[in-house]
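The basis for the numbers below is simple: all heavy atoms, side chains too, and nothing from hydrogens, waters or symmetry mates.
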Amino acid sequence: MPELPEVETIVNQLRPHLRGRQIAAVWVGWERIVDRPPVAEFCRRLVGQTFVAAERRGKFLLFPLHRGDTLLVHLRMTGHLRLLPSAVRPDRHTHVVLTLDDGQCLHYRDPRKFGRLYLVGDAQEVVGGLGPEPLAADFDVAALAAQLAGRRGRIKSLLLDQRFLAGLGNIYADEALFRAAIHPLRLGQSLTAEEITRLHAAVRAVLSEAIAAQGSTLRDYRSASGQSGRFQEQWQVFRRQGEACPRCGTALERMRVNGRSTHFCPSCQREDGGSADHRLLSPDCQVVSL
DNA sequence: ACCACAACCTGGCCGC
DNA sequence: TGCGGCCAGGTTGTGG
């Protein structure tokens with residue numbers, strides 16, 4: 001479910017509630033949700049620890065604990081974290097419950113059971129292989145260009161590769177490529193300097209705007225406080241195949257890339273890279289009237 | 001390096 | 001209502 005903006009929203013909402021809270025008890029109902037260490041050790045090591053922070057790296061939530069361990073959560077497709085009163089019983093899709101010292105419980109709920117929890121002494125053991133943080137101050141155009149140099153893979157696949165760039169998923173990859181007017185099948189190393197500049201701006205703009213809207217909601221996604229995001233109202237191409245392109249009116253299309261649905265405008269995003277529309281785009285991806 | 005595909009799981013939706 | 005097929009915001013492993 002969640003990509004970078006949704007995870008950022010959840011972390012920001014959990015932080016004030018978790019900081020300083022001690023874990024009184026741990027319940028695990030589906031052992032495979034705990035990636036490491038073995039479940040018995042996971043529970044034993046967690047009890048008695050206190051949350052000192054709540055952070056995000058890519059799509060991971062990181063919860064540093066006072067004894068030096070870090071609890072990490074990856075929500076994959078359908079994971080949720082909710083703070084609920086301790087009287088609320090876990091439902092059939094709730095697989096882990098952390099009982100806190102203030103009468104609240106942190107529920108990990110995940111119908112598809114794809115998500116994973118990790119408890120490690122060094123968070124780098126889990127997130128060390130991730131690519132750059134797209135919203136970090138030092139992720140500039142040159143950094144993106146360096147990532148793209150020599151890459152022969154399709155740009156859509158690269159954007160989804162968490163070692164290439166951390167945090168983008170299917171929604172924001174498609175939205176960023178549309179804003180930058182780049183065809184999803186273009187090869188990484190084939191992008192011009194102008195296109196890299198546009199892509200850099202597009203990635204950061206779409207993520208920032210999505211965070212401001214508290215993410216996108218599909219089906220029953222809710223943030224930690226139970227609110228839904230609003231960014232799905234601003235999708236320009238995602239799941240809009242057949243509708244008119246908001247920039248040129250051409251019917252939007254859908255294709256498969258890397259086994260993932262990919263949405264794009266065949267007129268604005270030309271595979272040969274030679275779209276006349278380039279002249280209509282400023283570097284910050286806004287349409288410029290001639 | 002890169003690609004295609006299966007696997008991990010369950011639920012929702014559509015057509016028959 | 002039921003059933004089959006397809007779809008899904010992600011990642012990992014295998015084999016080519």
Problem - Inter-nucleotide P distance (C:dG9, B:dC13), Å rounded - result: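 So the two P atoms sit 16 Å from each other.
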
Problem - Between C:dC6 and B:dC5 - P atom distance, rounded Å - result: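 Those two atoms are separated by 14 Å.
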
Practice task
Not counting sequence neighbours, list each pair that qualifies as a side chain to side chain donor-acceptor pair (under 3.5 Å) and has a residue in residues 33-54 of chain A.
Solution key: A:Arg36-A:Glu125, A:Glu41-A:Arg45, A:Arg45-A:Asp69, A:Gln49-A:Asp69

Handout entry: Parallel, tilted or perpendicular: ring planes of A:His74 versus A:Phe60, cut at 30 and 60 degrees
Key = perpendicular

Detail all sub-3.5 Å separations between protein N/O atoms and N/O atoms belonging to nucleotides 4-7 of chain B.
| from | atom 1 | to | atom 2 | distance (Å) |
| --- | --- | --- | --- | --- |
| B:dA4 | OP1 | A:Arg154 | NH2 | 3.4 |

Is any side-chain N or O of [X] closer than 4.0 Å to OP1 or OP2 of [N]?
{"X": "A:His95", "N": "B:dC9", "result": "no"}
{"X": "A:Gln162", "N": "C:dG10", "result": "no"}
{"X": "A:Lys59", "N": "C:dG9", "result": "no"}
{"X": "A:Arg239", "N": "C:dG9", "result": "yes"}

Fill in the blank from the handout: DNA chain C in dot-bracket form (Watson-Crick or G-U pairs under 3.5 Å, [ ] crossing, | inter-strand) is .|||||||.|||||||

Handout entry: For atom NE2 of A:His74 and atom P of C:dT12, their distance in whole Å
Key =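 In whole Å, C:dT12 P and A:His74 NE2 are 7 Å from each other.
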
Problem - Aromatic A:Phe178 / basic A:Arg247 pairing, under 6.0 angstrom, 45° off normal - result: yes

Practice task
Not counting sequence neighbours, which residues clear side chain to side chain contact (heavy atoms under 4.5 Å, CB included) with A:Ala212? List them please.
Solution key: none

Handout entry: Ion pair check, A:Arg186 and A:Glu195, cut-off under 4.0 Å
Key =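 Yes, charged N to carboxylate O under 4.0 Å.
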
Practice task
For A:Arg151, report the nucleic acid contact type (base, sugar-phosphate, nothing); a contact means any heavy atom under 4.0 Å.
Solution key: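 Here A:Arg151 touches the backbone only, sparing every base.
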
Handout entry: Pi stacking test for A:Phe114 and C:dT11: under 5.5 Å apart, planes under 30°
Key = no

Problem - Set of residues satisfying ring-ring contact (aromatic ring centres under 6.0 Å, His included) with respect to A:Phe42, sequence neighbours excluded - result: none

Fill in the blank from the handout: Quick note, salt bridge (charged side-chain N to carboxylate O under 4.0 Å, His left out) partners involving residues 252-267 of chain A, not counting sequence neighbours, are none

